[in-house]
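See below for the structure under consideration.
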Amino acid sequence: MSAASRAASVVLTGAVEVADLVQALAPYSVGGTRTHAQVPFQLLDNFDAAVAKSGQALIQMRGMLELLEADAPPVSQSVNVAVRTAGELPEGPVKARLSGVSMLRRLMPRAEGRARRLKVAIVDDERKTVARLSLLHLLCDDEASVTVAAVEGLRGYDDAFEHLTESLARIGGSTGGSVVAPGELSGILSAGTPVYNPKPRIEMPRGSTSFDVANRIVVAHLAVARINEEGIQRDWDTVFLHEYRIAFRKIRSVVSLFRGVYSDRQRDALRAMTGRLMARTGRLRDLDVYLLDKAMYFDLVPASLHEGLDLLFARFATERSAEQRALARWLASTDYEEEMQNLGRLFTAGRWPEPGPLSDLPVEQLAHDLIGRSWRKARACARKIDATTPDEVIHDLRVRCKKLRYLLEFFAPLIGEDAFRPLIRPLRRLQDELGLFNDYSVQIQSLEGIVDSGSPRRHDDIAIARSIGALTAVLHQRQVAQRRKVEGILDEFTGPKVRRKFERWIEAGDG
Amino acid sequence: MAEMQVIACYSNKGGVGKTAAAVNLALLAARSGRRTLLCDLDPQGASGFYFRVKPSEKLGKKRFFTSASRVSDAIRESDFPNLDILPANMSFRNFDSFLGALKNRGSLLKKVLKSAGRGYDLVVLDCPPNISILSENVFRVADRIVVPVVPTTLSERTLEQLHAFFDKHDLSRKKLLPFFSMVQARKSLHTQTILRLRTESTRTFLLTQIPFSTAVERMGLHRVPVVASQPRSPAAQSYVGLWHEIERKLA
């Protein structure tokens, strides 16, 4: 009990038993020990290992979620529903501390096995409990194991608490186990499972040709697309489709932006192939986005118009299920497999794509040329925007910024971490605002399309049209405000400070 | 949040089962869900001993009770949920000066208890067996004062003395909850005294009686309160009954 209770935990490799700790505990000794029955456990994480990357470990056992972090006591909360995404978790201490994790991604088992907990009273020479120790053994089927040793202090026994936590941290050698950070649990227990990286780092050693690098980028992103297929088919979460599409978008970017690296004919063929594959995914993504924004839409209009929204979103949900099933079928089909194989084969040794006139250009020069040109176009476009400029120019700017962003990301290994960050930051800020402006435009257009396709005689369509009418009015107002915001931040992007940073890097490539 | 309540276990005589009562009542209070602090104000320091709590070195200093944080730091969690102990280890000399300090500072005890008692629902005070400035302050601070009485003619007199003290110092007798302690049913002196005191007096004894028990006597050996070590024993059962009566009076 009490305000002064302290807790700390340390993770050790291997299955550490009480007997292994006796020496470390001195001058205290082991009092009563209680062993709990073995239960199955799962180590949960997102597909991209976000939990592990933020230095945490999330364990599920018999309706309890336990979250481990370095430098903080473990927290737990009970869950009586199947755990899906972090966003859908009921409020509680675990949800509150899952900070670095996407609310949209599914929490999936990265490792599983059996868990066994021992609770030990640590006592002094008068057999008074001075601290409580819990040893949680996590054993995987393949013998990989760790022990989570948690110390709980008792009020008034701070010395014992400190002594024990220090001893546990030093335990390493004597038991053959070593202390590991919670973020490493995933790696230890699921050894062999590769970690997904949606932004693969492309090798660009000195002297690489543009052709080489372009091929490597395409191959890497094809692999990213392929890895996301299962998640789309099993509908684990909406991010799999999103990243599948981004991977293809980047492939199409390379093909278009690296002008002259592939022949025109090859470029057109690649655009057609990837265009076909992308087209299959567009509608599902649109619907996912609608459904993700559902709460926002309801907030924008008064309750009297919610009936129309309920009808609209019920339609979206039904259509979404059908689209997801159709896409899953497509991804499982032999036609799809054949198309992907064809694409992949094109980028293997002996079969390479048809090179263009600039294929042998050293990649450093290509990078400087492309980024230079893209940056100047984006800047010129931004500079001519004022309150009177038509919206199309804003959309143009968004497209140019996107191209610049992709180029910067592709060539990040050449730019180097230190130079990269100051270039990407102002660009990202501008893109966020441009993106929001674009979202509003797209939403308005799309919603108006729904009204147009509805019938003025059906009750449902009338209710929907009414709600959409109110929605588009609000969205329009937001768009206008957002436009002003965009105008307001252009100065930073076009200003001398950012210009100096870009020009400095671009000029470094000349001569 | 409900206000903290204070129960004092007091007797002007030693050896009447005061500490045994304090210890078992505190544990029962903790089990009832109340966050409980047992304060040992008796320099003989037995209640901490029964919980195996060693007094910290911070105690025994002259100005101990004048610092709320020093008091707070000396509190130790028992092995039982919801129950903390403030052990005693004061030399007689320190105790005197402590009393002197109290005389000048009126209800210092109340202030100290309020701050050390933050976060507790109930404070149980195991009082020293004398009438003094400290006792007077305890009487003022406590919501209820539980008084073990061994049913002999001598005990009757000490109870009279206590009443006289209360009257003289304008303290409410209603706070007093005397109960018969260490009762030996085979002794006719005991049964007769009990009968007479229950029927004659204007003071109301609690209905529950605590029997003399070797189990209670041997608490010092096992260093576990009897309600935990031998819950089915007559002694333990009677403490449970006693606690229930007191609990109702607290409400």
Side-chain angles (χ1 to χ4, degrees), chain A residues 1-9 18 21 25-36 64 73-78 93 117-135 149-168, chain B residues 1 4 26-27 29-40 45-59 68-89 115-123 220-225 228-229:
Chain A
M1 81 165 269
S2 88
S5 279
R6 298 156 72 182
S9 73
V18 177
L21 300 175
L25 297 176
Y28 305 107
S29 45
V30 172
T33 305
R34 247 194 351 211
T35 308
H36 294 224
M64 283 291 286
V75 290
S76 58
Q77 90 184 53
S78 64
R117 203 190 292 268
L118 282 83
K119 287 209 169 138
V120 184
I122 307 298
V123 300
D124 65 12
D125 53 354
E126 302 200 4
R127 308 226 27 106
K128 168 74 180 73
T129 304
V130 297
R132 293 190 185 98
L133 175 67
S134 127
L135 294 175
V151 182
E152 192 191 302
L154 267 66
R155 181 170 184 176
Y157 294 98
D158 291 345
D159 290 345
F161 177 79
E162 271 146 30
H163 173 81
L164 285 169
T165 44
E166 272 165 32
S167 299
L168 280 176
Chain B
M1 224 196 238
M4 176 188 92
L27 181 50
R31 280 195 189 159
S32 77
R34 291 170 171 78
R35 287 159 302 162
T36 307
L37 176 65
L38 172 62
C39 288
D40 195 347
S47 47
F49 180 78
Y50 288 128
F51 285 104
R52 302 168 186 247
V53 171
K54 280 188 249 209
S56 89
E57 304 74 55
K58 299 173 183 100
L59 292 165
S69 65
R70 257 198 293 265
V71 172
S72 190
D73 287 347
I75 293 176
R76 301 203 159 193
E77 191 173 329
S78 75
D79 287 6
F80 301 94
N82 276 339
L83 180 60
D84 287 358
I85 316 287
L86 178 62
N89 188 24
S115 84
R118 207 167 289 154
Y120 294 103
D121 300 313
L122 181 71
V123 174
L221 271 179
H222 302 299
R223 302 178 74 184
V224 177
S229 60

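Proteins come first, then strands; the chains are lettered A, B, ... in the order of their sequence lines, and each starts at number 1.
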B:Phe51 and A:Lys128 have their tightest heavy-atom pair at O-CD, 3.3 Å
Given A:Asp125 and B:Lys54, is the side-chain contact (heavy atoms from CB on, under 4.5 Å) satisfied, shown in steps? CA-CA 11 Å; A:Asp125 53 354; B:Lys54 280 188 249 209; 2.7 Å; yes
Taking every heavy atom of B:Glu77 against every heavy atom of A:Leu154, the minimum-distance pair comes out as OE1-CA, 3.3 Å
Output for pair (A:Arg127 CZ, B:Arg52 CZ), nearest 0.5 Å, gives 7.5 Å
Distance col, row A:Thr129:OG1 vs B:Phe80:CZ, nearest 0.5 angstrom, shows 9.0 Å
